[in-house]
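Everything below concerns the one structure shown next.
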Amino acid sequence: MRASWAITLLLAALVLAGTAAARDPRDPQQRHTAADTTLASTLALHLKDLAAGWKPAKPTPDPPPCKTEPDESTLVETARIDPTFIWKDGLTTIGTEVDIFRTAAMAKTDWALSTLALFRRCVLQSARDQLPGYTVALVSAKQLPPPSATAERSLHYRLVFDITHAGTTVPIVSDVTALGKGRETVVMHSFSERVALPSSAVTQLVRLLANRLEAGSTKGTA
């Protein structure tokens with residue numbers, strides 16, 4: 001559950017171009033299997049899960065490595081996908097990053113390392129590095145009550161930024177709601193201007209993801 005999702009969304013929403021960054025040697029090893037990639041796809045959000053007005057977002061470059069990212073190089077991911085969708089306003093996004101590890105112990109280690117402080121530091125670092133001419137200020141970073149959906153692991157983070165350019169400031173709200181069970185972690189992320197996405201819609205989607213996780217989770221070794 002790396003911090004890269006928020007950085008990528010930030011850059012995508014501002015329609016910035018870039019080149020793909022080299023892989024960070026601290027990232028988990030990528031040893032994807034066909035079976036777990038298929039499983040990850042079944043756990044993720046799909047366009048049909050969303051209301052009319054959403055469409056698949058274009059792929060964006062990976063951000064540069066975060067200087068304070070923990071070393072997870074001993075962990076092995078057997079699947080990782082991140083389908084993201086963009087609203088008709090061209091800015092608001094929602095998506096799910098699904099990470100499947102070789103063992104449940106590895107998934108729990110990754111979960112424990114994915115703290116609010118880490119997200120805050122990495123998003124700010126990368127945004128400031130890659131947005132020359134913009135001022136990026138963190139207004140707040142909160143750990144909110146976890147979603148009501150039942151899961152072995154759950155959390156909810158909310159980060160609010162002010163992004164200023166040419167005298168104009170735009171407030172940005174970034175939410176991450178994560179659910180985990182066994183070897184799998186499902187992270188629902190959203191990115192919107194001024195206000196968070198409606199809580200009723202978010203709750204409905206989180207319950208959908210929790211049900212998929214419960215039905216598809218595997219606790220053993222890949």
Side-chain angles (χ1 to χ4, degrees), residues 1-21 23-24 27 30 32 37-66 77 79-100 114 119 122-131 134 136 147 156-161 163 165 170-179 184-209 212-213:
M1 189 170 58
R2 312 294 279 174
S4 60
W5 60 267
I7 305 162
T8 302
L9 289 176
L10 183 62
L11 301 180
L14 293 174
V15 199
L16 295 178
T19 57
R23 181 183 176 276
D24 189 340
D27 282 349
Q30 301 300 308
H32 296 182
T37 298
T38 297
L39 173 59
S41 296
T42 67
L43 298 177
L45 281 180
H46 302 276
L47 185 59
K48 66 182 181 181
D49 299 324
L50 305 174
W54 294 92
K55 65 180 181 180
K58 294 180 179 179
T60 57
D62 289 334
C66 175
E77 279 189 305
R80 183 182 185 277
I81 64 170
D82 189 6
T84 299
F85 307 93
I86 190 164
W87 181 241
K88 58 187 177 181
D89 64 1
L91 172 66
T92 308
T93 63
I94 190 169
T96 41
E97 177 183 316
V98 181
D99 300 291
I100 302 182
S114 301
F119 282 122
C122 289
V123 171
L124 275 176
Q125 176 212 304
S126 292
R128 288 168 174 169
D129 286 350
Q130 297 205 49
L131 297 177
Y134 291 77
V136 182
H156 182 188
Y157 296 155
R158 174 171 294 165
L159 287 77
V160 180
F161 303 89
I163 300 179
H165 180 66
V170 178
I172 297 294
V173 181
S174 182
D175 268 316
V176 53
T177 302
L179 303 169
E184 294 88 41
T185 298
V186 180
V187 183
M188 188 173 79
H189 49 74
S190 64
F191 184 94
S192 54
E193 183 180 347
R194 299 187 186 281
V195 295
L197 297 184
S199 60
S200 58
V202 170
T203 297
Q204 182 179 359
L205 292 174
V206 169
R207 287 175 178 167
L208 173 65
L209 294 172
R212 288 177 180 169
L213 186 62

Smallest separation among heavy atoms of T42 and R212, with atom names: O-CD, 3.4 Å
- prompt: What do the steps show when you test R80 against D27 for salt bridge (Lys or Arg N to Asp or Glu O under 4.0 Å), and what is the final call?
  reply: CA-CA 12 Å; R80 183 182 185 277; D27 282 349; over 6 Å; no
- request: Please step through side chain to side chain contact (heavy atoms under 4.5 Å, CB included) for the pair D175 and H156, ending with a clear verdict.
  value: CA-CA 7 Å; D175 268 316; H156 182 188; 3.1 Å; yes
Chi angles and distances behind the side chain to side chain contact (heavy atoms under 4.5 Å, CB included) call for I94, W87: CA-CA 8 Å; I94 190 169; W87 181 241; over 6 Å; no
field: Test log, rule side chain to side chain contact (heavy atoms under 4.5 Å, CB included), inputs V173 and R194
entry: CA-CA 6 Å; V173 181; R194 299 187 186 281; over 6 Å; no
query: Taking the side chain from H46 and the backbone from P83, do they hold a donor-acceptor pair closer than 3.5 Å?
result: no
message: For F119 and Y157, take the angle between the two ring planes, folded into 0 to 90°, and tell me which bin it lands in: parallel under 30, tilted 30 to 60, perpendicular over 60.
response: perpendicular
Side-chain donor or acceptor of T203 paired with backbone N/O of S200 under 3.5 Å: no
message: Would you say CD of E193 has more than 12 non-hydrogen atoms from neighbouring residues, nucleotides or ligands within 6.0 angstrom?
response: yes
task: Measure the spacing between CG of D99 and CD of E77 and express it to the nearest 0.5 Å.
output: 4.5 Å
- prompt: So how far is it from M188 CE to L179 CG, rounded to the nearest 0.5 Å?
  reply: 8.5 Å
statement: Exactly one of I86, T84, L47 clears side-chain contact (heavy atoms from CB on, under 4.5 Å) with P56, and that residue is L47
- prompt: Ignoring hydrogens and geometry, is there a side-chain-to-backbone donor-acceptor pair from T96 to L45 under 3.5 Å?
  reply: yes
field: Given V202, L197, L205, the one that forms side-chain contact (heavy atoms from CB on, under 4.5 Å) with S190
entry: L197
field: Between CD on residue Q204 and CG on residue L50, distance to nearest 0.5 Å
entry: 10.0 Å
task: Give the intermediate values and the outcome of side chain to side chain contact (heavy atoms under 4.5 Å, CB included) for residues F191 and L91.
output: CA-CA 8 Å; F191 184 94; L91 172 66; 3.9 Å; yes
